[in-house]
Structure formats: structure tokens, C-alpha cells
Colleague: 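This structure is in C-alpha cells; I'll ask about it shortly.
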Amino acid sequence: MSTKDINKRPFAEATMLKLDIFRRCFKEWFPVFVHHPNVKQIFIYDMFAGSGTDADGNPGSPIILLQEARGDKHQHCVALAKKKKKVIFGFNEKVKEKKELLEKAKDKFLQECNSNCTLANCIYSNAIYCKDASFEDIMKSDNFRRILANKNYAKFVLLDQYGFSQITKDVFLELVTSPLTDFIFFISSSFIKRFRDVDTVKAYINTNKLAFEEAQPKECHRIIADYFRNMIPKEKEYYIHHFTIKKGSNYYGLIFGTSHTLGMEKFVKVCWAEDKYSGESNCNIDNDYEQGTLFFDPSNTTKKIRIKEELIQLILNGRIQSNVNGLKWVLSNGCEPKLFVDVMSSLVTQNKVLIQGKFNKRSSNIHTVEEYKIELL
């Protein structure tokens, strides 16, 4: 697949949406670890960083990461300085010319940032490393693997690849099994669907496991997300969510991974803020009635109805026996946990279930929620 340099022209609308989701995802993620008492260092990686800006000066992913790591009022810099917690940025751009432009964009950001900062010393001035290595070499390096394996380091890995070939099964599982490591990657789902029988595609993706024939074209990224989701070891609690981006007649997408419910909560929140119908696309993927039409009902979209119906059956069949299990199930299916609370409230009112313990209606920070058991009536 040919590589286009998107930084030599203004970002397209679809690219701007992708970057906005990157921004909001990282904005939710970063403060958690700034204030996490057990995290000693934070590592931020942008493996396909580009040149930092587009032709109009709009920030690309590395500058966006720096902006959000600073905070709107430099609040994260102040907090990190007080805590003496170190943050390291690793920006990689294989094309040397673009890497040099990235260095200039980074230096310009720091210069402008320092002119409006009250701190005596910039905490990031010597913490940003730009490289022009291959992604494969970085993944194989002892230093990177050592950082990934460290349980006291929080890691955010952004993989805005061209095409699909860089996120192999081995790369995916390396990230999935690394502690305190959240990642988000971009993938060209339509390209995989269109060329699924070509050997160069099959070399990276086992297309025999992709049931494209049974789905509409705009569902191809859902199928790709399930492909990666099914790679997760059965015994491991892990969360994957995805977001489809339509550009013209093609469908691309983002896939986010985390081992913690809080990370998943935050990404799902970002996705539902963007897509109030299904929380996963910019193209009304489930053909819901849209705002302004007669039957529009944002509280009962196709996806919400489907998840509610499945959840009710799982509860009444005794397969979900506690609020913790129910909240996690809803979250793992790409919905905000409040949906579980709504379903339970309805079942209690209908005298179909009884709560053993306190019926708390917490639906955020579910890793700290007080557990209760569900008894069938």
C-alpha cells in the first residue's frame, strides 16, 4: 500500500476527527496516572508521529499529546513538578525529513509554552525524544520491552499507522500482556476487506477468520475489531473498543485496548459523546432514526435495545449474578455502564429480581463499586 504524506496538506475532515478522538482519549487517560500514587513514571509513545503539524499548522498527534500533557492551564505540569514524577515522550517518525520537521514543531511548542509558564524550569524540555527508527526495531529493543514490562510505569502507546501491516498478532499480544499499558491504533479496514484474498494482506491478517460476506460494508471495522478481540487470551480480563471513521466510500477505524475498567470507561465515554446512537462510528452504523425525524429516540437506539435485551436474558438466566459482573459485561460490549443500572432498576420494579446487599446505582469508576448479588424471583 502506498504511503501518502498527509502532513503536506491540510488535514481532511476524517483525519481531524481521528485526531480529536486521540486528543479526548489521552485527555481522559493522562490525569489518572499523574495522580496515581503507585505510578513512578509515565511513558507516552507516538510510533508513527508524522511531522507534527499539517500544511496549515494544525497540530498532529505528537503536538496534541504535548498540549494535553501540559493541561489547559499548565495544571499537569504543576502537579508533576510537585510530585517530582517523570514523564517521557517517545516520538518516532521513520522518514528522516518528517522527523526533522517534527523536531522543529516540538521546539516551537516548547518555546511558546515556556513563554506562558510560571514554573522555573520546564519539566518536559529534556523529556521528549524524537527518533527515525523502524517500528519493528523499536518493538524488538530491550529498552522498550523493559519499559513495557515494568509494573510501576504507566504507558500510553499511540499507533497511527498507514494501512494495516504494523499491528501484527505478536505486536498486539505484546501490548495486551504489558502491565499498565493502554494503546490505540488506526487501521484501514476497507482495504483489508477489499484485498482479503491477496497474499500481501494474508501475510499480516488471517482473513479466513473475517466474516465480511455477512455484513454491510460499513460494518467491516466491527469485524476487524472482533478479529483482534478474539486474540486475547481466554483467561485474561481485557477490554477492547473500536470506532469506525467513514471517509468517502471507505471505512477506517480506531481500536483501543486496556486491561482496566477505568480505561475502558473513559474511552467508551469519548466514543458515546461523538456518536450518540451506537458509540462507535461517524456514519450511523445501525441505521437509527436520526435527530429531527419522527421516530428519533436517543435513549433507545438499535444498539442500546440489543444490549439491554441481551443483558436482561443473561440476568434472568442466572449468568450475570452481581452488579460488578453486569457493569463489566455492559462495558465490554461498548456501552456506558449506566445502561446496566437502568436495566436493574426496571427488573427490581417489575419484581423479577431481588438485591442481596445495598442496591447502589453507581455506574462510574466501577472498579471501586460496592458489589451486590442478584437473586431471581
Side-chain angles (χ1 to χ4, degrees), residues 209-211 213-216 218-219 221-244 256 258 260-262 264-265 267-269 271-272 275-281 284-289 295-367 369-377:
K209 295 184 177 181
L210 301 174
E213 291 77 8
E214 302 172 13
Q216 300 179 55
K218 63 182 176 181
E219 295 181 276
H221 186 60
R222 275 181 174 173
I223 295 168
I224 297 295
D226 283 338
Y227 170 81
F228 284 101
R229 194 175 282 114
N230 290 331
M231 287 184 190
I232 299 168
K234 298 293 184 184
E235 71 281 359
K236 186 172 182 60
E237 181 177 338
Y238 202 83
Y239 300 90
I240 293 288
H241 191 46
H242 56 278
F243 196 91
T244 297
F256 173 80
T258 181
H260 202 287
T261 56
L262 184 58
M264 184 66 161
E265 280 185 58
F267 187 70
V268 167
K269 173 186 172 184
C271 292
W272 278 94
D275 172 17
K276 300 185 186 306
Y277 303 102
S278 63
E280 61 172 283
S281 74
N284 194 0
I285 196 167
D286 291 318
N287 302 316
D288 286 293
Y289 293 105
F295 298 105
F296 172 69
D297 183 0
S299 64
N300 278 306
T301 62
T302 299
K303 182 168 182 176
K304 288 181 180 179
I305 290 171
R306 176 175 61 82
I307 297 300
K308 285 179 181 179
E309 290 176 349
E310 290 183 24
L311 176 61
I312 289 169
Q313 289 303 311
L314 289 170
I315 293 171
L316 296 182
N317 290 338
R319 294 177 63 186
I320 289 180
Q321 300 180 341
S322 75
N323 60 325
V324 172
N325 289 339
L327 290 163
K328 287 183 176 181
W329 184 87
V330 169
L331 192 61
S332 67
N333 280 274
C335 285
E336 294 180 291
K338 183 180 182 299
L339 186 145
F340 169 79
V341 175
D342 293 341
V343 167
M344 278 301 301
S345 296
S346 177
L347 292 176
V348 168
T349 300
Q350 297 174 51
N351 293 316
K352 292 186 176 182
V353 298
L354 183 69
I355 304 300
Q356 293 182 355
K358 182 181 178 182
F359 182 24
N360 68 80
K361 297 186 178 182
R362 282 270 308 280
S363 61
S364 61
N365 296 306
I366 63 175
H367 61 291
V369 74
E370 184 178 350
E371 185 174 25
Y372 63 72
K373 300 296 182 181
I374 303 170
E375 180 181 338
L376 302 180
L377 294 177

Colleague: What closest approach, in Å, do Leu210 and Glu213 show between heavy atoms, and which atom pair accounts for it?
Modeller: O-OE1, 4.2 Å
Colleague: Please answer whether the main-chain N or O of Trp329 pairs with a side-chain N or O of Ser332 as donor and acceptor at a distance below 3.5 Å.
Modeller: yes
Colleague: Which heavy atom of Thr244 sits nearest to which heavy atom of His221, and what is that distance?
Modeller: OG1-CB, 3.3 Å
Colleague: Give, for atom CD1 of Ile232 and atom CD of Glu237, the distance between the pair rounded to the nearest 0.5 Å.
Modeller: 11.0 Å
Colleague: How close do Thr261 and His367 get, heavy atom to heavy atom, and via which atoms?
Modeller: OG1-CB, 3.6 Å
Colleague: Any donor-acceptor pair under 3.5 Å linking the side chain of Asp275 with the backbone of Cys271?
Modeller: no
Colleague: With rounding to the nearest 0.5 angstrom, report the NE2 to OG1 distance, His260 to Thr258.
Modeller: 7.5 Å
Colleague: Look at the rings of Tyr289 and Phe295 and say which category their plane angle falls in: under 30° parallel, 30 to 60° tilted, over 60° perpendicular.
Modeller: tilted
Colleague: How many angstroms lie between OH in Tyr277 and CG in Asp297, if you round to the nearest 0.5 Å?
Modeller: 11.0 Å
Colleague: Got a sec, which residues hit side-chain contact (heavy atoms from CB on, under 4.5 Å) with Gln313, two or more places apart in sequence or on another chain?
Modeller: Asn317
Colleague: I'd like to know whether NZ of Lys308 has more than 12 heavy-atom contacts from other residues, nucleotides or ligands below 6.0 angstrom.
Modeller: yes
Colleague: Check the side chains of His242 and Glu280 for a donor-acceptor pair under 3.5 angstrom, ignoring hydrogens and angles.
Modeller: yes
Colleague: Testing the 3.5 Å rule here: is there a donor-acceptor pair between the side chains of Lys358 and Asn323?
Modeller: no
Colleague: Run the side-chain contact (heavy atoms from CB on, under 4.5 Å) check on Ile240 and Phe228 step by step: do they pass?
Modeller: CA-CA 8 Å; Ile240 293 288; Phe228 284 101; 5.7 Å; no
Colleague: Do Thr302 and Asn287 have side-chain heavy atoms sitting under 4.5 Å apart?
Modeller: no
Colleague: Quick one: does Tyr372's side chain have a donor or acceptor within less than 3.5 Å of a partner on Ser322's backbone?
Modeller: no
Colleague: Compare every heavy atom of Gly334 with every heavy atom of Val268, then report the nearest pair and how far apart it is.
Modeller: CG1-O, 4.1 Å
Colleague: What closest approach, in Å, do Asn333 and Ile307 show between heavy atoms, and which atom pair accounts for it?
Modeller: CB-CD1, 3.8 Å
Colleague: Is Arg222 paired with Asp286 through a side-chain N to carboxylate O contact shorter than 4.0 Å?
Modeller: yes
Colleague: Could you state the interatomic distance from CZ (Phe243) to CD1 (Ile285), rounded to the nearest 0.5 Å?
Modeller: 9.5 Å
Colleague: Rounded to the nearest 0.5 Å, how far does CE of Met264 lie from CZ of Phe256?
Modeller: 8.0 Å
Colleague: Testing Glu375, Glu371, Gln321, Lys373 one by one against Gln356 for a side-chain hydrogen bond (donor to acceptor under 3.5 Å, both in side chains), which residue passes?
Modeller: Glu375
Colleague: To the nearest 0.5 Å, what is the distance between CG on Asn325 and CG on Leu314?
Modeller: 10.5 Å
Colleague: So, does Lys304 use its side chain to make a donor-acceptor pair with the main chain of Cys335 at under 3.5 Å?
Modeller: no
Colleague: May I ask you to decide whether Arg306 forms a salt bridge with Glu310, counting only side-chain N to carboxylate O separations under 4.0 Å?
Modeller: yes
Colleague: Does the pair Arg362/Glu370 count as a salt bridge with the N-to-O cut at 4.0 Å?
Modeller: no
Colleague: Could you list the donor-acceptor pairs under 3.5 angstrom formed between side-chain atoms of residues 340-347 and any protein atom two or more places apart in sequence or on another chain?
Modeller:
from: Asp342; atom 1: OD1; to: Lys338; atom 2: NZ; distance (Å): 3.1
from: Asp342; atom 1: OD2; to: Lys338; atom 2: NZ; distance (Å): 3.2
from: Ser345; atom 1: OG; to: Val341; atom 2: O; distance (Å): 2.9
from: Ser346; atom 1: OG; to: Gln350; atom 2: NE2; distance (Å): 2.6

Colleague: Val353 versus Leu376: any side-chain heavy-atom pair under 4.5 Å?
Modeller: yes
Colleague: Give the minimum heavy-atom separation between Pro337 and Leu327, together with the two atoms involved.
Modeller: O-CD2, 3.6 Å
